[in-house]
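Every number for a ligand or one of its atoms is a count from 1 in the order of the listing.
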Amino acid sequence: MTDSTTKSQSTAPVAWITGAAAGIGRACAYRLVGEGYRVALTDRDPDRLAETAREIREAGGEVLTTTLDITDAPACDDTVRQIRSAWGRLDTLVANAGVQIGGTLTDTAPEDWQRILEVNLNGTAYCARSALPALLDQDRGSIVFVSSVNALVGTTGMTLYDMSKAAVLGLTRSLAAEYGESGIRVNAVCPGNTLTDFHLDAMAAKGVTAGEIRDMTRGYGLLGRIAEPPEIAAAIAFLAGPDASFVTGQVLAVDGGYSVKGADA
Ligand SMILES: NC(=O)c1ccc[n+]([C@@H]2O[C@H](COP(=O)([O-])OP(=O)(O)OC[C@H]3O[C@@H](n4cnc5c(N)ncnc54)[C@H](O)[C@@H]3O)[C@@H](O)[C@H]2O)c1
């Protein structure tokens, strides 16, 4: 784990954010630093992670980084060991890293199913399993899982992704029940369509700009537009922090009303 700062004497809370190099994870890092957290940023993409960490340090954040693929369970344990060794505590896990593999049950291969479940479900659970002993040692803490609106509504052509994200909601409720009396809160956000690097990179390859994506997605949900990453990060920060001290086991759709839009809306 890389630490640009000297060993900290700070008592500021510590958040571990996975998939922090880009998109919603990076927005969470900015948001939580703004709320006074120290942030441990992990991602499987070392170059982008280093760039994000540099920007956040320049903005005044106290940052640790390590390259971590969340499907590597022992490496998840190592990450928590490194965080505790550097900062002595862990208060919050934002389990955000995830992948999208399109396709239906019949036009995808079992290897695709295994891959998406390994990242979006198992990898997410590995991170929680690694974080829990640290949270339990402190008798308090929070976990926020990043699921998707696709866990709440049926869509076409996204079966693998939808089932992987729905499973995360089962994990949320189960862990909330298991660890509630130990002071650990566990919640999930279900973002709707959000203008992240995932979309920007894919569309840039086709010569489409961010402004054009916003135009193309006009009419989405009840607000008639897609989300910007900080709007998702704001909901994650609420669930992670003390304002949500009596909120656990919950699933918060942050989808501009997409999941409640009727056919005639
Ligand atoms: N963007 C959307 O419209 C949207 C909507 C609903 C849910 N989500 C969910 O939000 C989360 C973040 O998505 P995003 O749009 O910001 O994506 P993104 O691609 O912009 O960023 C995701 C980051 O996660 C990292 N990552 C992917 N697999 C990893 C792994 N196995 N180990 C470690 N890091 C890994 C990537 O390197 C990347 O930096 C994902 O779980 C995604 O499913 C996104």
Closest candidate by heavy atom, reference [atom], pool [options]:
atom: atom 11 (C) of ligand 1; options: Ile24, Asn122, Asp43, Asn96; result: Asn96
atom: atom 34 (N) of ligand 1; options: Lys165, Arg26, Arg44; result: Arg44
atom: atom 30 (C) of ligand 1; options: Asp69, Thr42, Asp45; result: Asp69

Name all residues meeting the salt bridge (Lys or Arg N to Asp or Glu O under 4.0 Å) criterion together with Glu228; count only those two or more places apart in sequence or in a different chain, and write none if there are none. Arg214
Please list, chain by chain and in numerical order, all residues satisfying salt bridge (Lys or Arg N to Asp or Glu O under 4.0 Å) with Asp215, sequence neighbours excluded. Arg218
Which atoms of ligand 1 sit under 4.0 Å from any heavy atom of Asn193? 3 (O)
Distance under 4.0 Å to a non-hydrogen atom of Gly192: what atoms of ligand 1 satisfy this? 3 (O), 5 (C)
Could an N or O of ligand 1 be found under 3.5 Å from any N or O of Thr71, whether backbone or side chain? no
Do Val99 and ligand 1 have an N or O pair less than 3.5 Å apart? no
Transitively linked via ILVMFWY side-chain contacts under 4.5 Å: Val94 with Val251? no
Quick look: Leu68 vs ligand 1, heavy-atom contacts under 4.0 Å, and the answer is backbone
Regarding Thr42 and Thr66, is there a side-chain donor-to-acceptor distance under 3.5 Å anywhere? no
